[in-house]
Number of protein chains: 2
Amino acid sequence: MTLRDIFAVNLRRYRYLQGFSQEELAHRAGIDRTYISALERRVYAASIDVIERLANELSVDPKELLSRQKNTSKK
Amino acid sequence: MTLRDIFAVNLRRYRYLQGFSQEELAHRAGIDRTYISALERRVYAASIDVIERLANELSVDPKELLSRQKNTSKK
DNA sequence: GTGTGACTGATAGTCCGTC
DNA sequence: GGACGGACTATCAGTCACA
C-alpha cells in the first residue's frame with residue numbers, strides 16, 4: 001500500500017463525508033472533474049500543492065489525507 | 001505559509017537529525033542530489049511518491065514531513 | 001455522476017557543470 | 001557540503017469528447 005493509494009482512498013472518503021460529488025469538489029477546488037477522478041483511481045502522484053488545495057476544500061488537515069484510516073467497519 | 005514551505009523545512013530538519021548530507025540522502029532515496037537541494041529551497045512541489053520515498057529514508061511517517069513543527073527555540 | 005483515452009502545456013525530476 | 005544554472009526527459013496538471 002503506497003502513499004498514493006492511501007491518498008486516493010482518503011480523498012474519496014472525505015469527499016463523501018462532505019457530501020460532494022467529484023464534479024462539485026472539482027468546481028470548488030478549481031480543478032477539473034476528470035482529474036479528481038484520476039486521483040481517486042491512483043493514476044497520478046499528486047503534488048503537494050494539489051493535496052493542499054483539496055484538503056482546504058474538504059476542511060481537513062492535509063496530513064489527514066495521508067493517514068491510514070482505522071477500519072470503521074472491521075471484519 | 002504553504003504546505004510546500006512546511007515540507008521544505010521538515011525535510012532539512014529530519015535530514016539533519018539523521019545526520020545525512022543532501023548527497024547521501026539523495027543516494028539512499030534514489031533521487032537526484034540537486035533535486036533535494038531544490039526541494040529544501042522550495043523550488044518545486046514534490047509529488048506524493050517522492051514524499052513517501054524521502055520519509056522512508058528519514059525513518060519518519062510521511063505525515064510528519066507535512067506537520068508544522070513546534071518551535072523548539074522560540075524567541 | 002463517474003471512468004477512460006487522447007491530447008497539450010506546465011512542471012517535476014535528472015544530469016551536467018560552476019561557484 | 002550546498003546553491004545555482006542550463007538542457008534535457010518523464011510525468012503531472014488540466015481539458016475535451018464519449019461511453
Side-chain angles (χ1 to χ4, degrees), chain A residues 1-67 69 72-73, chain B residues 1-67 69 72-73:
Chain A
M1 187 101 162
T2 67
L3 197 56
R4 188 195 292 211
D5 295 325
I6 294 173
F7 173 72
V9 172
N10 285 335
L11 177 56
R12 180 158 289 180
R13 180 196 304 264
Y14 284 110
R15 179 169 66 77
Y16 276 121
L17 284 177
Q18 292 288 332
F20 294 156
S21 64
Q22 288 182 351
E23 198 167 8
E24 191 171 358
L25 175 59
H27 178 68
R28 286 170 176 266
I31 292 177
D32 194 78
R33 174 188 71 75
T34 63
Y35 187 59
I36 303 282
S37 170
L39 290 179
E40 291 188 357
R41 284 178 293 118
R42 307 159 165 74
V43 175
Y44 294 124
S47 76
I48 203 171
D49 287 355
V50 168
I51 294 171
E52 183 170 34
R53 283 156 66 190
L54 290 172
N56 283 340
E57 292 308 321
L58 294 173
S59 304
V60 294
D61 196 294
K63 305 186 304 196
E64 289 303 311
L65 292 178
L66 303 185
S67 301
Q69 300 297 313
T72 51
S73 58
Chain B
M1 184 98 161
T2 67
L3 197 56
R4 187 193 295 210
D5 295 325
I6 294 173
F7 174 73
V9 173
N10 285 335
L11 176 56
R12 179 158 291 181
R13 180 196 303 264
Y14 285 110
R15 179 169 66 77
Y16 275 122
L17 284 176
Q18 293 289 330
F20 293 155
S21 65
Q22 290 181 350
E23 195 168 10
E24 190 172 359
L25 175 58
H27 178 66
R28 286 170 174 266
I31 291 176
D32 194 76
R33 176 184 66 76
T34 64
Y35 187 58
I36 303 282
S37 170
L39 289 179
E40 291 187 356
R41 284 178 291 120
R42 305 162 168 74
V43 176
Y44 295 123
S47 76
I48 202 173
D49 287 355
V50 168
I51 293 170
E52 181 171 37
R53 284 154 67 189
L54 290 172
N56 282 340
E57 292 308 322
L58 294 174
S59 304
V60 295
D61 197 295
K63 306 186 304 199
E64 288 303 311
L65 293 177
L66 303 184
S67 301
Q69 299 297 313
T72 51
S73 60

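Because the structure is a prediction, the values reported are computed rather than measured. The sequence lines fix the lettering, A, B, ..., with proteins before strands; numbering per chain opens at 1.
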Under 4.0 Å between a side-chain N or O of R4(A) and OP1 or OP2 of dC12(D)?
yes
Distance test, side-chain N/O of R33(B) to OP1/OP2 of dT14(C), below 4.0 Å
no
From CG of L11(A) across to P of dT2(C) the rounded distance in Å is 11 Å
Which heavy atom of L66(A) sits nearest a heavy atom of L3(A), and at what distance?
O-CD1, 3.7 Å
State whether R42(A) places a side-chain N or O below 4.0 Å from either non-bridging phosphate oxygen (OP1 or OP2) of dG3(C).
no
Regarding R41(B) and S37(B), do their side chains bring together a donor and an acceptor under 3.5 Å, going by distance alone?
yes
Separation of dG2(D) P from F20(B) CZ (nearest whole Å):
12 Å
Tell me the interatomic distance from E23(B), atom CD, to dC16(C), atom P, rounded to whole angstroms.
13 Å
Roughly, in whole Å, what's the span from CD1 in I51(A) to P in dC12(D)?
12 Å
Rounded distance (Å) that lies between atom P of dG2(D) and atom CG of D32(B):
14 Å
If you apply the rule ring pair (Phe, Tyr, Trp, His ring centres under 6.0 Å), what do you find for Y44(B) with Y35(B), and how did you get there?
CA-CA 9 Å; Y44(B) 295 123; Y35(B) 187 58; 5.6 Å; yes
N-O pairing of E40(A) and R15(A) below 4.0 Å:
yes
Over how many whole Å does the gap from E24(A) atom CD to dG1(C) atom C1' extend?
12 Å
Do T34(A) and D32(A) meet the criterion of a side-chain donor-acceptor pair at a distance under 3.5 Å?
yes
Output yes when at least one side-chain N/O atom of R41(A) is less than 4.0 Å from OP1 or OP2 of dG5(C), else no.
no
The dot-bracket string of DNA chain D, counting Watson-Crick and G-U wobble pairs with both distances under 3.5 Å, using [ ] for crossing pairs and | for pairs to another strand, is .||||||||||||||||||
Got more than 12 heavy atoms from elsewhere within 6.0 Å of CD, Q18(B)?
yes
Counting only side-chain N and O atoms of S37(A), is one of them less than 4.0 Å from OP1 or OP2 of dT4(C)?
no
State plainly whether the residues E57(A) and R53(A) are in salt-bridge range, i.e. N to O under 4.0 Å.
no
Send over the distance from I36(B) CD1 to dC15(C) P, rounded to a whole Å.
13 Å
Can you identify which nucleotide, out of dG2(D), dG13(C), dG3(C), has its nearest atom closest to the R15(B) side chain?
dG2(D)
Nearest whole angstrom, please: distance from the P of dG1(D) to the CD of E40(B).
14 Å
